[in-house]
Amino acid sequence: MTAWLPDETTLHHGDGPRHHAAEEADIFAVLREQAGKQTAQVTAAGAAWLAGAAAYPRSTLTQWESHPSSPGVLPCGSAFDVVNVPTLFGRRMLEHLWADGPGSGPVATHRGRMLLFASPGTAQRLPSLLDWEEWGSGPGTRSGRDLAGPDDSGPKVPPLLCHGAGDAVTVPPLTCGTASSGPRWLVAPDTRSPWLPGPDVLLWACVRVARSAHASAPRISIFPPPDQGAKVYDVSRRR
């Protein structure tokens, strides 16, 4: 492990002393073997960053070595927070983040939801920012749960699940086949210090998606279309 963990920055005191490199197996050999078989590939540096979120990183890495194709569970709040959104809304957020914004951090999918890894503290701040965002001019249009207001006419953000300190999330396996139906990476961690969006960036993306979807939504009338051949009489003037 010393071949890809050159320092102690992601280790905690509970992991014990370092061992000689010759006595340790390169647990990420399987990652290099799978490098060309999946679009979102976790690198050794990315796996080290993920393991740094656990209380005992070396134990986590050992478990991943034994079961590289099994999902893991990691705590939030120290290395990252996670914003959990519906898949379709999340894909539109990613489109805006990559096309018009600064990009994204690691992103995964799990059980019809998209997990956007964000900077620590995002889970606490983002709901408040969404609640205070000006969504319309009428009363009741600033609500984190129903952003459309009482008349259901404004832009909407679907329910977001924000995982922070005290929470844990399922992370995809380090290696998975293209036909895997379980959790998988869309944007896999590939560095020991990935850039993570903060609450302000994710608020911007949520607002862009919600307002663009509202602007492009077709307006449905309860009245039938007018008969173009019908004669129209002006009955406003009475004799």
Quiz prompt | Cluster check Phe89, Leu161: I/L/V/M/F/W/Y, side chain < 4.5 angstrom | solution = no

Quiz item: What heavy-atom pair brings Val157 and Ala210 nearest, and what distance separates the two atoms?
Solution: CG2-CB, 3.9 Å

Self-check item: Side chain to side chain, Pro172 and Pro71, heavy atoms closer than 4.5 Å
Solution: no

Quiz item: Are side-chain heavy atoms of Val201 and Pro102 found at a separation under 4.5 Å?
Solution: yes

Self-check item: ILVMFWY network linking Trp204 to Leu130, side-chain heavy atoms under 4.5 angstrom
Solution: yes

Quiz item: If we only count heavy atoms from C-beta on, is the Thr122 to Phe80 side-chain gap below 4.5 Å?
Solution: no

Exercise. Could you grab the distance from atom CZ of Arg125 to atom CG of Leu202, nearest 0.5 Å is fine?
Key: 11.0 Å

Quiz item: Out of curiosity, Asn84 CG to Thr109 OG1, how far, rounded to the nearest 0.5 Å?
Solution: 11.0 Å

Self-check item: More than 12 heavy atoms of other groups within 6.0 Å of Arg92 CZ
Solution: no

Exercise. Kindly give the heavy-atom pair with the smallest separation between Gly77 and Pro120, and that separation in Å.
Key: O-CB, 3.8 Å

Quiz item: Which value, rounded to the nearest 0.5 Å, describes the distance between Leu160 atom CG and Arg113 atom CZ?
Solution: 7.5 Å

Practice problem: Would you check if Leu94 and Met114 make a side-chain contact, meaning some heavy-atom pair closer than 4.5 Å? | Solution: yes

Exercise. Looking only at non-hydrogen atoms, find the nearest pair between Cys76 and Val82 and report the distance.
Key: SG-CG2, 4.2 Å

Quiz item: Which heavy atom of Val171 sits nearest a heavy atom of Val73, and at what distance?
Solution: CG2-N, 4.5 Å

Exercise. State, without any angle test, whether Thr191 and Trp49 hold a side-chain donor-acceptor pair at a distance under 3.5 Å.
Key: no

Self-check item: Heavy-atom pair of closest approach, residues Leu61 and Ala47
Solution: CD2-O, 4.1 Å

Quiz item: Looking at side-chain heavy atoms only, is the closest gap between Pro57 and Leu50 below 4.5 Å?
Solution: no

Quiz item: Just wondering, do Trp185 and Asp190 contact through their side chains at under 4.5 Å, heavy atoms?
Solution: no

Practice problem: Please examine the side chains of Glu95 and Val209, heavy atoms only from C-beta on, and report whether any two atoms are closer than 4.5 Å. | Solution: no

Self-check item: Linked, directly or transitively: Val207 and Trp98 (ILVMFWY side chains, under 4.5 Å)
Solution: yes

Quiz item: Can you tell if the side chain of Val42 reaches within under 4.5 Å of the side chain of Pro189, non-hydrogen atoms only?
Solution: yes

Exercise. Measure the spacing between OG1 of Thr87 and CZ of Arg111 and express it to the nearest 0.5 Å.
Key: 13.0 Å

Quiz item: So which heavy atom on Leu196 is nearest to which on Ala79, and how close?
Solution: CD1-O, 3.6 Å

Quiz item: Honestly curious: do Val187 and Val83 fall in one hydrophobic cluster under the side-chain, below-4.5 Å linking rule?
Solution: yes

Quiz item: Can you tell me how far the CG atom of Leu126 sits from the SG atom of Cys162, to the nearest 0.5 Å?
Solution: 4.5 Å

Self-check item: Atom pair OG (Ser128) and CG (Leu203), whose distance is rounded to the nearest 0.5 Å
Solution: 11.0 Å

